[in-house]
Amino acid sequence: MVKQVLKSFNILQFQEDLLQWYYANKRDLPWRKSQDPYRVWVSEIMLQQTKVDTVIPYYYRFMEKFPTVYDLAEADEQDVLKAWEGLGYYSRARNLQSAVREVVATYDGKVPDTPEELGELKGVGPYTKGAILSIAYNQPEPAVDGNVMRVFSRVLKIEDDIAQAKTRKLMEEYVREVISKEDPSSFNQAIMDLGATICTPKSPGCMLCPIAEHCKAYEEGIQEQLPVKKKAKKQKLMEYVVLLIKNDKEEYLIEKRPSNGLLADLWQFPMIPIAKVNQITDFVFQNYGVHLELMVSKGKLTHVFSHIKWDLEIRAAEAKMGTVTKESARFVKKYELKDYPFPVSHQKMMKYID
DNA sequence: AAATCGGGGCA
DNA sequence: TGCCCAGATTT
């Protein structure tokens with residue numbers, strides 16, 4: 001099947017046209033200044049489901065704080081999460097540190113250069129494994145991300161649903177056949193640059209495309225119809241009251257979220273499910289050991305995740321007595337809040353604090 | 001195979 | 001609003 005599609009495809013000419021364009025037009029990105037596998041690795045984790053422009057400032061700060069695998073391996077998890085604060089998908093940060101510790105312990109601090117060893121590391125899936133092998137170690141391995149699937153679906157007119165897992169495997173087969181054996185690092189990065197700047201999801205710039213003459217979708221004028229992707233289902237609504245609880249020492253009650261699930265290990269102000277809205281003081285006393293006097297509502301805000309939508313009402317409260325009984329909760333001064341990693345939704349609430 | 005896991009930018 | 005983004009892991 002793969003060979004059949006590629007029968008009428010000039011692989012060598014495609015490689016040359018793509019690479020010539022890349023050598024002349026490649027983006028100047030901070031993680032392209034060296035082939036240090038650790039630097040490549042960090043960049044690839046940060047770039048998962050995240051735009052280049054968003055990553056750049058995080059990447060600079062992270063590499064300054066954790067320049068080598070040893071610095072990251074020895075760091076406190078909370079410091080790593082603080083460096084990741086606002087970037088999202090926080091399990092990436094925890095998995096990265098866990099994997100780096102594995103590299104220090106098992107591979108003497110040297111990032112592995114085989115698919116088998118790399119694939120065993122936490123947070124390193126098929127894409128990241130291929131990206132490290134090709135970009136840092138110059139091996140002709142596929143690194144199939146959203147860009148690659150979009151470009152290849154158009155160039156070869158592949159109409160499979162790219163939301164399905166088996167389609168990624170199919171794409172890897174194509175890339176193995178088409179990838180440059182002389183410069184696989186540049187080849188993979190060239191496809192990504194092309195996907196990010198020319199072969200974009202909407203209104204692709206085919207008139208500027210260096211490989212338009214190889215593109216079956218362009219030939220038929222169906223580039224806007226590809227790739228095929230099943231629609232995502234809409235977010236589930238979750239409603240909470242969020243309490244900004246201040247005690248007589250001008251401290252605020254915060255708690256650490258569980259180490260599994262949504263926003264794992266990040267901190268937040270206490271959230272009360274809307275179903276308990278009529279028993280807030282009881283709920284807080286039972287769960288936190290704190291007696292409350294509820295104050296005015298400070299306003300509402302919404303926060304949208306990939307699969308959940310939070311509707312939040314912000315409510316002030318004063319702690320009257322009692323000691324905090326919840327293990328994961330504590331009162332902290334306003335100026336100490338900056339030392340804890342908070343999700344963006346709770347950063348938005350800081351402005352309601354006196 | 002489908003659900004989970006964040007946040008920002010864009011039309 | 002819905003869609004996409006240099007995806008991986010869990011169910």
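Here is how names work: the chains are called A, B, and so on, in the same order as the sequence lines, proteins then strands, and each is numbered from 1.
Here the separation of B/dG9 from C/dA8, taken at their C1' atoms, is 23 Å to the nearest Å.
The A/Asn95 side chain lies nearest to C/dT9 when the options are B/dG7, C/dT9, B/dT4. Considering only side-chain atoms of A/Arg32, the nucleotide from C/dA6, C/dG7, B/dC5 that sits closest is C/dA6. If you check B/dG6, C/dA8, C/dC5 against the side chain of A/Pro201, the one that comes closest is C/dC5. Of the candidates C/dC3, C/dA8, B/dG6, the closest approach to any side-chain atom of A/Thr128 belongs to C/dA8. Residue A/Tyr127 places its side chain closer to C/dA6 than to any other of B/dA2, C/dA6, B/dG7.
Between the side chains of A/Gln78 and A/Trp267, a donor-acceptor pair is found at a separation under 3.5 Å. Checked by atom type, the side-chain pair A/Glu336/A/Tyr252 shows no donor-acceptor distance below 3.5 Å.
Backbone-only engagement by A/Arg150 is indicated by non-hydrogen atom pairs under 4.0 Å involving sugar-phosphate atoms exclusively. Across all strands shown, A/Lys233 has heavy atoms under 4.0 Å from sugar-phosphate atoms exclusively, and none from any base. Counting non-hydrogen atoms under 4.0 angstrom, A/Trp31 reaches a base of the nucleic acid. Contact annotation for A/Ile45: no contact, since no heavy-atom pair falls under 4.0 Å across all strands.
Comparing A/Ala232 and A/Leu29 by the nucleotide of DNA chain C whose heavy atom lies nearest to each, the residue mapping closer to the 5' end is A/Ala232. Taking the nucleotide of DNA chain B with the nearest heavy atom to each of A/Lys202 and A/Val304, the more 5' of the two is matched to A/Val304. Between A/Lys231 and A/Arg92, the residue anchored nearer the 5' end of DNA chain C, judged by the nucleotide with its closest heavy atom, is A/Lys231.
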